[in-house]
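By convention in this document, chain letters (A, B, ...) are assigned in the order of the sequence lines, proteins followed by strands, and residues within each chain are numbered from 1. Just so you know, these numbers come straight off a predicted model, no measurement behind them.
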Amino acid sequence: MASGSNSLMWFRKGLRLHDNPSLEYAAKGSKFLYPFFVIDPHYMEPDPTAFSRGLDSLPEGVEHRKLCFEYDTEPYYQALDEKVKSYASVAGVEIFSPVSHTLYNPADIIQKFGCLSSRYFYQCIQEIQKSVKKHTSPPVSLLGQLLWREFFYTVAFGTPNFDQMKGNRICKQIPWKNDDELLAAWTDSRTGFPWIDAIMMQLRKWGWMHHLARHSVACFLTRWDLFVHWKKGRDVFDRLLIDSDWAINNGNWLWLSCSSFFYQYNRIYSSISFGKKYDPAGNYIRHFLPVLKHMPKEYIYEPWTAPVSVQRKARCTIGVDYPKPVVSHDSASKECRLRLGEAYALNKTLNGLQNRGTHLNMSAVYAAFRLTVYEDFSSLL
DNA sequence: CCTTGGTTGGGCTG
DNA sequence: CAGCCCAACCAAGG
């Protein structure tokens, strides 16, 4: 590109200066670089049909030779990029859009727009591991979490209708309930199961919770108790999580609902014993559900079992101050297992016709990981 | 064999 | 004897 030309740098998700090949390319040989960011309704209200101001807002008045932005595999951006390809050919603008290495990192930088490069983060982890004697390994380690990102990005991009049940060839077809009241109880922390309600409260208050907490509420909403469609929970997470990521969110809901990747539906996150294992005193529940603050720890995970005298002393009457369980756990979970068993049997007969189960193993994850050529970026440090 | 379960019962420690 | 850790078993689809 001859010097003296102008470049447009279109920031979408990756708002960062480090490891940003499109920004680097936009700056190279340009007389003027025009960075711009469009406030897109899609950011506020994820909706594939939402009106986008993306293209209408390209800065005018200046002749541009290059338009640079991060390539994005999410369907919303794929559709948008189609329009950009026609705009570019009319205007005679060169497009440069390398694959995204954006990482959503709410822990340190509270925002949604990926100020951290996954490749840079990978290098940081490598450096830290060199300096310590013992560390965990993939798949459960921090590095493992990066592998999952690459895996879900790869599968999501290669699977039509990845965010749907129907027409998604790796997704089990399961007759989920369409129960808006159960969904609302789950969303609004009114299920009567403190471990579940506390987690959903943290989601609404902080926009973030531990991933095993996410597993707990996803398991509860779908295959273990409420039998509500995983897409409904996916939408709530997508709207409320500050680190929401299309491929990872959908991938995990497919996983946790036993619709794909993982199928051992008898293996569950108990809404009572799972939290108790790590927090026997129930301090997490007390923090996010202050109404249960004075409930003795013997009852905090199952307050409906507390004698009335105990409830009165704790100033929390179940059914008045805090809801009774929205379902009877024993019969609800039994019903769920029955329905899943039937659905699985039916899916077996469908296999080969339309639905193909996907089995996950670590070698597939590593294969996806290698595609990202993280190793080439040691110079970033 | 598999990303991160639940339950039980034995054995150890204080 | 209480509290804790760990192994074994459970029930499973791809």
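At least one test fails for A:Lys66 against the ring of A:Phe96: distance under 6.0 Å to the centre or angle within 45° of the axis.
Between A:Thr222 and A:Trp230, the shortest heavy-atom distance links the atoms CG2-CA, 3.7 Å.
Shown here is A:Arg312, whose CZ atom has no more than 12 heavy atoms of other residues, nucleotides or ligands within 6.0 Å.
One interatomic measurement links the two molecules: CD1 of A:Ile170 to P of C:dG14, which rounds to 13 Å at whole-angstrom precision. Separating the CZ atom of A:Arg337 from the P atom of B:dG5 is a distance of 17 Å, rounded to the nearest angstrom. One can place CH2 of A:Trp224 at 14 Å from P of B:dG5, the figure rounded to the nearest angstrom. Atom CG in A:Leu147 sits roughly 14 Å away from atom P in B:dT4 (whole-Å rounding). Between the CZ atom of A:Arg223 and the C1' atom of B:dG5 there is a distance of 9 Å, given to the nearest Å. Going from atom CG of A:Leu340 over to atom C1' of C:dG13 covers 12 Å, rounded to whole Å. Atoms CG (A:Leu254) and C1' (C:dG14) sit 16 Å apart, rounded to a whole Å. As a whole-Å value, the separation of A:Ile174 CD1 from C:dG13 P is 13 Å.
For A:Trp304 and A:Tyr322, the ring centers sit 6.0 Å or farther from each other. Separation of the A:Trp195 and A:Tyr278 ring centroids does not fall under the 6.0 Å cut-off. A ring-centre distance under 6.0 Å is not found for A:Phe152 and A:Phe162. Ring-centre distance between A:Phe288 and A:Tyr284: below the 6.0 Å cut-off.
A:Lys277 has no side-chain polar atom (N or O) that falls below the 4.0 Å cut-off from OP1 or OP2 of B:dG5. Applying the 4.0 Å criterion to OP1 and OP2 of C:dG14, one finds that A:Lys172 has a side-chain N or O inside that range. Taking only side-chain nitrogens and oxygens, A:Ser273 never comes nearer than 4.0 Å to OP1 or OP2 of B:dG5.
Note on A:Arg339 versus A:Glu335: salt bridge recorded, some NZ/NE/NH1/NH2 to OD/OE distance being below 4.0 Å.
Although no hydrogens or angles enter the test, the distance criterion places a donor-acceptor pair under 3.5 Å between the side chain of A:Arg223 and the main chain of A:Leu256.
A distance cut-off of 5.5 Å between ring centres, combined with a plane angle under 30°, leaves A:Phe262 outside any stacking arrangement with the base of B:dC2.
Comparing the P positions of B:dT3 and C:dC10 gives a spacing of 23 Å, expressed to the nearest Å. Distance check on atom P: C:dA11 versus B:dG9 gives 15 Å, rounded to whole Å.
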Pick out the pairs of N or O atoms, protein on one side and nucleotides 3-12 of chain C on the other, that lie under 3.5 Å.
| residue | atom | partner | partner atom | Å |
| --- | --- | --- | --- | --- |
| C:dA11 | O3' | A:Asn266 | ND2 | 3.3 |
| C:dA12 | N3 | A:Gln264 | NE2 | 3.3 |

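The side chain of A:His215 lies closest to B:dT4, out of C:dG14, B:dT4, B:dG6.
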**Study point:** Residue pair A:Trp10, A:Val84: steps toward the side chain to side chain contact (heavy atoms under 4.5 Å, CB included) verdict
**Key:** CA-CA 11 Å; A:Trp10 183 8; A:Val84 173; 3.6 Å; yes

Review point. Where does DNA chain C pair, written as one dot-bracket string 5' to 3', with Watson-Crick or G-U pairs under 3.5 Å, ( ) inside the strand, [ ] for crossing pairs and | for another strand?
Key: ||||||||||..||

